[in-house]
A.B. asks: 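What follows is a structure written as structure tokens; I'll ask about it next.
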Amino acid sequence: MQELIAQIVTIARGMWRFRWQSLLVTWVVGAIAAVIAFRVPDQYEATARIYVDTQSILKPLMAGLTVQPNVEQQVSMLSRTLISRPNVEKLIRMADMDLRAGSKTEEALIERLTKEIQIRNTGRDNLYSLVFKDSDQDKAKRVIQSLVSIFVESSLGASRKDTDSAKTFLNEQIKQYEAKLE
């Protein structure tokens, strides 16, 4: 125990003897760290969680009549179509990113958005997260809002088409069974 106390006292005396040099080094390192911290640009991340409804009203009606598509296949197809070139161009117009972009910079902007927009699985059933990072807070928010709008529009359009095709299929089946009954 005495050796431990003697060692602590020796270290404390050494620290006290070099206190001004260590204080100077601390201030220099702190100033350099502050300059580096202020030079790093801000990064804002906008996210939105979306729910993909897989239990539609027509699913019980269509059970046994047609092949049900896999939910993961639907979502992967939807993510590929969501980040397709026409949708990214629409996204650029909706988020007002085309106001300052010329024709050459618009191509670079399309490539950048295609690479940086991420669709992540949150681990829960049918719940997905749309993610975009940018140095401008408002731009990141507008991109995600526009992307959600495009997603809702495309899924509504797809569900309307599915409903119409299911109606025509069921009507054809009814007509065939009526003909058989007569």
Side-chain angles (χ1 to χ4, degrees), residues 1-54 70-155:
M1 185 71 170
Q2 291 292 342
E3 293 175 10
L4 182 63
I5 293 174
Q7 198 174 24
I8 292 173
V9 169
T10 305
I11 291 172
R13 284 183 183 155
M15 287 172 48
W16 184 254
R17 195 170 78 197
F18 295 107
R19 67 183 180 273
W20 297 114
Q21 291 90 344
S22 62
L23 185 65
L24 178 66
V25 168
T26 304
W27 275 99
V28 169
V29 169
I32 291 171
V35 167
I36 291 172
F38 285 120
R39 299 215 46 181
V40 172
D42 294 332
Q43 271 303 329
Y44 297 99
E45 178 177 287
T47 61
R49 288 188 181 175
I50 55 174
Y51 176 77
V52 181
D53 185 21
T54 59
N70 185 2
V71 176
E72 291 297 323
Q73 290 173 346
Q74 287 178 345
V75 172
S76 90
M77 184 179 71
L78 190 57
S79 68
R80 278 182 282 173
T81 58
L82 187 61
I83 308 179
S84 65
R85 185 176 177 92
N87 283 345
V88 171
E89 289 174 352
K90 185 177 180 182
L91 173 71
I92 289 171
R93 286 189 301 276
M94 287 176 71
D96 295 333
M97 297 171 77
D98 61 342
L99 298 178
R100 285 184 256 157
S103 61
K104 292 180 182 178
T105 56
E106 188 172 337
E107 290 296 321
L109 186 61
I110 289 171
E111 288 180 27
R112 177 180 161 243
L113 286 175
T114 305
K115 290 178 186 174
E116 291 184 2
I117 294 173
Q118 299 174 1
I119 298 177
R120 300 179 187 160
N121 187 354
T122 60
R124 297 174 69 189
D125 290 337
N126 307 330
L127 193 61
Y128 294 88
S129 182
L130 303 173
V131 180
F132 180 70
K133 294 180 185 177
D134 196 72
S135 59
D136 183 15
Q137 177 181 359
D138 294 328
K139 185 190 296 183
K141 184 179 173 183
R142 282 193 316 264
V143 167
I144 289 297
Q145 284 176 341
S146 302
L147 197 59
V148 168
S149 298
I150 291 171
F151 179 81
V152 169
E153 288 172 5
S154 66
S155 64

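Throughout, numbering of the chain's residues begins at 1 and tracks the sequence.
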A.B. asks: As an exercise, state the distance from CG of Asn87 to CD of Glu89, rounded to the nearest 0.5 Å.
C.D. replies: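 One finds 9.5 Å between CG of Asn87 and CD of Glu89.
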A.B. asks: Which pairs of donor and acceptor atoms, one on a side chain in residues 2-11, lie under 3.5 Å apart (sequence neighbours left out)?
C.D. replies:
from  : atom 1 : to   : atom 2 : distance (Å)
Thr10 : OG1    : Ala6 : O      : 2.8

A.B. asks: Do Glu45 and Gln137 make a side-chain contact, defined as non-hydrogen atoms from C-beta onward lying under 4.5 Å apart?
C.D. replies: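 In short, these two side chains do not touch, never coming nearer than 4.5 Å.
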A.B. asks: Assess the residue pair Glu106 and Arg93 against the criterion (salt bridge (charged side-chain N to carboxylate O under 4.0 Å, His left out)); give the C-alpha distance rounded to whole Å, side-chain angles, the decisive distance to 0.1 Å, and a yes or no.
C.D. replies: CA-CA 11 Å; Glu106 188 172 337; Arg93 286 189 301 276; 5.8 Å; no
A.B. asks: Measure the shortest side-chain to side-chain distance between Leu91 and Ile150 over non-hydrogen atoms and say whether it is less than 4.5 angstrom.
C.D. replies: yes
A.B. asks: Which heavy-atom pair separates Ser135 from Gln43 by the least distance, and what is that distance?
C.D. replies: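 Closest approach of Ser135 to Gln43, heavy atoms only: N-OE1, 4.1 Å.
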A.B. asks: Restricting to non-hydrogen atoms, name the atom on Leu147 and the atom on Ile117 that form the minimum distance, rounded to 0.1 Å.
C.D. replies: CD2-CG2, 3.5 Å
A.B. asks: If I compare all heavy atoms of Ser146 with all of Ala95, which pair ends up nearest, and what's the gap?
C.D. replies: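 Of all heavy-atom pairs spanning Ser146 and Ala95, the closest is OG-N, 3.7 Å.
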A.B. asks: Rounded to the nearest 0.5 Å, how far apart are NZ of Lys133 and OG1 of Thr47?
C.D. replies: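 The OG1 atom of Thr47 is 11.0 Å from NZ of Lys133, to the nearest 0.5 Å.
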A.B. asks: I need the minimum non-hydrogen distance between Leu130 and Ile144, along with the two atoms involved.
C.D. replies: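 Taking Leu130 first and Ile144 second, the nearest heavy atoms are O-CD1, 3.8 Å.
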A.B. asks: Do Arg85 and Glu107 sit within salt-bridge range, that is, some charged N less than 4.0 Å from a carboxylate O?
C.D. replies: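 Salt bridge flag = yes for Glu107 with Arg85.
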A.B. asks: Starting at CD of Gln118, measure out to CD1 of Ile83 and round the result to the nearest 0.5 Å.
C.D. replies: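 The distance works out to 9.0 Å.
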A.B. asks: Under a 4.5 Å cut-off applied to non-hydrogen side-chain atoms, are Tyr44 and Asp136 in contact?
C.D. replies: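 The answer is no; the side chains never approach within 4.5 Å.
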A.B. asks: What pair of heavy atoms forms the shortest contact from Arg112 to Phe132, and how long is it?
C.D. replies: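 So the two residues come closest at NH2-CZ, 4.0 Å.
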A.B. asks: Going by atom type alone, with no hydrogens or angles, which donor-acceptor pairs under 3.5 Å involve a side-chain atom of residues 15-24 and a protein atom two or more places apart or on another chain?
C.D. replies:
from  : atom 1 : to    : atom 2 : distance (Å)
Arg19 : NH1    : Trp16 : O      : 2.9
Ser22 : OG     : Phe18 : O      : 3.2
Ser22 : OG     : Arg19 : O      : 2.9

A.B. asks: Check whether any side-chain heavy atom of Met97 sits under 4.5 Å from a side-chain heavy atom of Val143, and report yes or no.
C.D. replies: yes
A.B. asks: First locate atom CG of Leu109, then atom CD of Glu111, and finally report the distance between them rounded to the nearest 0.5 Å.
C.D. replies: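 Separation between the atoms: 10.0 Å.
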